[in-house]
Amino acid sequence: MLMDDYDPLKGRMLSILDKDGKVVEKGLEPKIDDALLVQAYKTMVLTRLADEKAVRLQRQGRLGAYPPTKGQEASQIGPALALEKGDWMVWAFREMGALLLRGVPLWRLYLYWMGNEEGSVLEGDVNVTPSAVPVGSQVPHASGIAYAIKYRKEPKVALCYFGDGATSEGDFHEGLNLAGTMKLPAVFVCQNNQWAISVPRNMQTASPTLAQKACAYGFKGILVDGNDLLALYAAAKEAIGRARRGEGPTLIESFTYRMGDHTTSDDATRYRSEEEIAYWTARDPLARLRAYLGHKGLWDETNQKAWTEEAGRMVEEEVKKAEGHAPPTLDDVFVHTYATMPASLKEQLELHRSDLPARKEG
Amino acid sequence: MLMDDYDPLKGRMLSILDKDGKVVEKGLEPKIDDALLVQAYKTMVLTRLADEKAVRLQRQGRLGAYPPTKGQEASQIGPALALEKGDWMVWAFREMGALLLRGVPLWRLYLYWMGNEEGSVLEGDVNVTPSAVPVGSQVPHASGIAYAIKYRKEPKVALCYFGDGATSEGDFHEGLNLAGTMKLPAVFVCQNNQWAISVPRNMQTASPTLAQKACAYGFKGILVDGNDLLALYAAAKEAIGRARRGEGPTLIESFTYRMGDHTTSDDATRYRSEEEIAYWTARDPLARLRAYLGHKGLWDETNQKAWTEEAGRMVEEEVKKAEGHAPPTLDDVFVHTYATMPASLKEQLELHRSDLPARKEG
Amino acid sequence: MAAMNMVGAINLALREEMERDPAVVCLGEDVGVDGGVFRVTEGLFERFGKERVVDTPLAESSIVGAAIGMAMNGLRPVAEIQFMGFIYPAYQQLVSHAARMRNRTRGRIGLPMVVRTPYGAGVKALEHHSESTEAVFCHIPGLKVVAPATPLEAKGLLASSIRDPDPVIFLEPTRSYRMLKEEVPEGEYLVPLGQARKVREGKDLTIVGWGAMVPVMEKAAAQLAEEGVSAEVLDMRTLAPMDFASIVSSVKRTGRCVVVHEAPKTCGLGAEISARVMEGALLSLQSPVERVTAPDITVPLPKGEHYYYITPERVTRAAKRAMSF
Amino acid sequence: MAAMNMVGAINLALREEMERDPAVVCLGEDVGVDGGVFRVTEGLFERFGKERVVDTPLAESSIVGAAIGMAMNGLRPVAEIQFMGFIYPAYQQLVSHAARMRNRTRGRIGLPMVVRTPYGAGVKALEHHSESTEAVFCHIPGLKVVAPATPLEAKGLLASSIRDPDPVIFLEPTRSYRMLKEEVPEGEYLVPLGQARKVREGKDLTIVGWGAMVPVMEKAAAQLAEEGVSAEVLDMRTLAPMDFASIVSSVKRTGRCVVVHEAPKTCGLGAEISARVMEGALLSLQSPVERVTAPDITVPLPKGEHYYYITPERVTRAAKRAMSF
Ligand SMILES: Cc1ncc(C[n+]2csc(CCOP(=O)(O)OP(=O)(O)O)c2C)c(N)n1
Ligand SMILES: Cc1ncc(C[n+]2csc(CCOP(=O)(O)OP(=O)(O)O)c2C)c(N)n1
Ligand SMILES: [Mg+2]
Ligand SMILES: [Mg+2]
């Protein structure tokens, strides 16, 4: 089992593809359906483009503060790729890649970052929670969702993303401890992107790895190369399988890097070096998977060019759709406070309606 | 180093005295000054008597709900014995033994449990915090106290007690993580008395030991026989020494047992077995240390009888002192809300004075 | 129909709602094997098993946080916080998630969940065991707050709370747990949320309160009646969203109002009620709304508790101040 | 004397207090190397070093909890919570310990500590970045709550807060951080806590508020003046314990009162002020106290924000309602 071979206390990191996309751990290369592999890569490219677009939109004042996801595409998409329909995904705020893979429409995500609650409305049974901005606060939700899965004896799991910074919060601790104690079908993915805004990983905790924090909760942890889609997929596949079989939760530390600023309000040059960025640029998760697909004959220049163009067009269309979305009405911001609007709130709404200046564009 | 030899991940528990008070780990027998050792034992006996008295007082309606400490005397006094003057002690609510050893007057403790804030007033520079009833909430205080110690470069440490239940709280996690990250001079003593009210240790966390939770914070943990004063002293001595030398915090799991009910409002027979109690009765920390002192020629029947009588008398006197203490006045409950009473509160006080029924005895 | 105290009535409501709907799950510290430190969940563990009556680790934020996840995924959790003084670690989960999930998702994800907790002073308890900080929840849009006054009310309000599609904080007055028995029916008995209850009719003045204050107000009203003052007594029952209309319409008739609560005065619910009465009935008001509350101090330990809590006499004196303004 | 914005003035106060007293230590997320996400602590790390300007792990409960420990052991910590929306995990530490330590120890252990945090809506921020929940702190006896309105005020109030022997929650209006520059003196400049500031004299009506609402109220007062209504404007500055006496004495003169705050209406501070005005000046009141507040809804995301926040026009209209009651 990977989880045993890569006990984080031994300080090993699971890595299958090297930085040039060559398989270094032959025996561990996961069997992924070719189509799925290509879909993963295409989603990574789409995410990269959509993310860069979001940053540009913000600079143009067309979108609010936005947390770039660049560099973390494999870290997000690898684990999500191992999920099945019906499984739950719980996230924080920087998981665009995972969301796109799970089928959340890009325009909804843009709409959310443009500042419209409609962006958090998900159609169908996608089983994705809305964003959770208070760091770490979503972790106990994942445990509760997993509890309900277990309670109804469903063959499902809850996959939960959070950052390295989140591991310092009490909610991380309480959520994992609950999952461990009750052997819940949950997989916790810590995207260790080395920074929590300006605070580096080593000032977040003295624990040599984040993965080993699992040993405080009686389940397994594993440290995984977070820019290696194959390694993440393999680890998540095993963790998800174990969870589904009732063998309890796993903590996956995905060792990755936030290539961009914390958000568009941040200036990362204030606290980190050019060298560091260069180091990680050479380990771009997209380049690695692309090389691997190339070696396997699944992807070439032509595909790359065609998909880049198509994805670019898709991004523009989704932006248009988001920008074309109606702004909220006064009623919109009132009526969902409760399932049924209480009399006193109705009164306030009517008073407010008469008291507001003429409608400005939002 | 004990901390290395007894790495909790190896599942070993540090034990020096066996249940009959014989030294089983010759090489580890700590050198404790005879007088200090006798003082420790005498404090354990005093604690036992004072504790039993508190339970009786509660039954007689002379004291409020009270959390008996019986069975945990070594667990409390062992670590405290390794402290020096000027060190800080941070506790929860069940640490009567440690408090008595540190010189807190027994009548103050009774007064506190009788429901008078004067019971938390400590004279001099005793460096003991008041009780912290919200479980786990005192742990970050210990880190802050230790921070101030380190900041001023004092050769001091902060020793912090809490229970097995407390390890589930977010504050435990955040407090230890902070101490680890900043390498603070703190020693965390988890009194694992096997129960958090009715919830047994194994339903609190799936972690095989509580000591190993230290590995999530980048410092050492050690599992210690909590009814063995010598083992606790030895572990705490080493941990305190390390903290004092700037080598950072340690987590000590003291494996002990709450012989009594959770509090006088609880009925432990609802959730635990006679066998369990019998098992632990045979491991009474007082009997073990007494036998050890006997083997060393430091204590005999005569001493025992004399001290039991004297301690009994002391207890009665302290009860008298506590019961003789004046109840709070109306001003007492108002004036310490702020350092200087705000005008609006003064007004309330005067209004309240006129609005209250004639003074009833509290 | 059997006579029971409030503990029994709450227990009955939990049992019946659990029988009615397999999605209802209880969780909290010591709620299972031990039946809760006040025995409120007694017998449920034996009846419904450990999957439905869940002893959790000692961690309030995750008790509420997990309840949120459960509610997102089809359950109707009823979480117990052992005392209101220990709900604060869960404040972020309540404010930032429980209260906001429905609006955050524009109505798509509602959270049918209840957080039960004993509250209130006057039982000579330890520090932090006498809290009455309902106002810090009533201020948060999206939360409902309920506080029953009698066994029968407790049953009907809890059943409604469990069936409510929104998160409800259900405050159980510790002082009333075993104070009084009354007939409580088995089977369907619902008290709607959001409606005050007129406990006593009156014409000279309106006394407003809830929970453990209701018997105190009733005693005060009886004393006042002896002195020829006819007091109307309103039990608000739902503290948020509150039925202000009933208060205003009563005060419009009586012209005077006394609000009673156990929480400190400043920023307590009494302020809100006072403001609403002025806004809705200023011209009918014959005296300022009187607030009978705890002072702005920390709840004293037992030896000083009598300075803190509300007595019928304090209510009566306030009523007389109002009458003679 | 230099002209500076509020960010600069707070920075100056921190710098001077740290120079004055080696026990003053700043801690929080990103306060060190980065100088704070709003640059409020910029340059302090370089000036005072990492022991005094402490980048902490991402954990609010322990930021406040550690500050409590520091204050118990001789330091005067100034903790930063990055946004008020993230202070809730620390609510237990604030309510159960910071507020109570002095009374718990009958005056022996006071906690000289400040928790600074930006607050308030109107800057098109993400969810949870626009909170204005001052009432849930003002309700807790033992806490002080301060909110400055201008750079000069910010400097003087923060210096006083740091020197105060009791825990102070210092709310910095995000909207005002860089809105306005004014002359701020270097060196000792203290604004006493607990005293309101008369921003504008008037005789027809009193407008009461604080923080980012002060410029809004001033604009409203100017508009009203043009229409012949003379409005007095009070900046409360200290929200707890509040200087109710100044409000009451002003309203006794003017006969009318409008309270303005960014928080939702129900159980907001406006209720308390309204109640106090009625209690203290009922017979002078010519109309009900008007509350201009956010509605009882969650702060909308930026596209809906304009529905939420307070404009001078809303204040003006409320004033006119009061004038024509
Ligand atoms: C409880 C809380 N505190 C502070 C913040 C402000 N904040 C937003 S993101 C962030 C850093 C998060 O770091 P990490 O968990 O590593 O995630 P990353 O941003 O790197 O994806 C901080 C401090 C917040 N959102 N929530
Ligand atoms: C935050 C909080 N939640 C709940 C309680 C109620 N309570 C008091 S003691 C206790 C159990 C504590 O267990 P543990 O930490 O093992 O300490 P022990 O009582 O065994 O000494 C509980 C649940 C509390 N005091 N504080
Ligand atoms: Mg990070
Ligand atoms: Mg215990």
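All chains are named by letter (A, B, ...) in the order of the sequence lines, taking the proteins before the strands, and each is independently numbered beginning at 1.
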Highest number of heavy-atom pairs under 4.5 Å with chain D: which of [options]?
options: C:Pro89, C:Gly270, C:Ala135; result: C:Pro89
options: C:Leu94, C:Asp296, C:Leu301, C:Ile273; result: C:Asp296
options: C:Ala263, C:Pro141, C:Ala240; result: C:Pro141
options: C:Ser96, C:Ala90, C:Gly142; result: C:Ser96

Exercise for the section: Report the relative orientation of the aromatic rings in D:Tyr91 and C:Tyr91; use parallel for angles under 30°, tilted for 30 to 60°, perpendicular for over 60°. Expected result: parallel
Handout entry: Rounded distance (nearest 0.5 Å) linking atom CD1 of C:Ile140 with atom OG1 of D:Thr133
Key = 6.0 Å
Practice task
Starting at OG of D:Ser287, measure out to CE of C:Met278 and round the result to the nearest 0.5 Å.
Solution key: 9.0 Å
Exercise for the section: Test side-chain contact (heavy atoms from CB on, under 4.5 Å) on D:Gln92 and C:His128 and set out the steps. Expected result: CA-CA 11 Å; D:Gln92 157 157 298; C:His128 307 288; over 6 Å; no
Just wondering, do [Y] and [X] contact through their side chains at under 4.5 Å, heavy atoms?
X: C:Glu290; Y: D:Glu279; result: no
X: C:Phe137; Y: D:Val136; result: no
X: C:Lys265; Y: D:Arg276; result: yes

Practice task
Could you tell me which portion of C:Val289 (side chain, backbone, both or neither) has an atom closer than 4.5 angstrom to a non-hydrogen atom of chain D?
Solution key: both
Exercise for the section: Heavy-atom distances under 4.5 Å only: say whether C:Ser61 touches chain D with side chain, backbone, both or neither. Expected result: neither
Practice task
Go through the atoms of D:Asn103 and report whether side chain, backbone, both or neither lie under 4.5 Å from a heavy atom of chain C.
Solution key: side chain
Fill in the blank from the handout: Turns out that what part of D:Leu283 lies under 4.5 Å from chain C's heavy atoms comes down to side chain
Practice task
Specify the closest pair of heavy atoms between C:Ala271 and D:Glu272, including all atoms of both residues, with the distance to one decimal.
Solution key: CB-OE1, 3.3 Å
Exercise for the section: Determine which pairs satisfy salt bridge (charged side-chain N to carboxylate O under 4.0 Å, His left out) with at least one residue from residues 237-262 of chain C, sequence neighbours left out, and list them in order. Expected result: C:Glu153-C:Arg237, C:Glu232-C:Arg253
Practice task
Scan for salt bridge (charged side-chain N to carboxylate O under 4.0 Å, His left out) pairs involving residues 82-111 of chain C, sequence neighbours excluded, and state none if there are none.
Solution key: A:Glu117-C:Arg106, C:Arg100-D:Glu131, C:Arg102-C:Asp166, C:Arg104-D:Glu127
Practice task
Count the heavy-atom pairs under 4.5 Å between each of D:Pro300, D:Ser274, D:Pro295 and chain C, then report the option with the highest count.
Solution key: D:Ser274
Practice task
Please lay out, stage by stage, how D:Thr266 and C:His139 fare under the test side-chain contact (heavy atoms from CB on, under 4.5 Å).
Solution key: CA-CA 6 Å; D:Thr266 298; C:His139 186 48; 5.6 Å; no
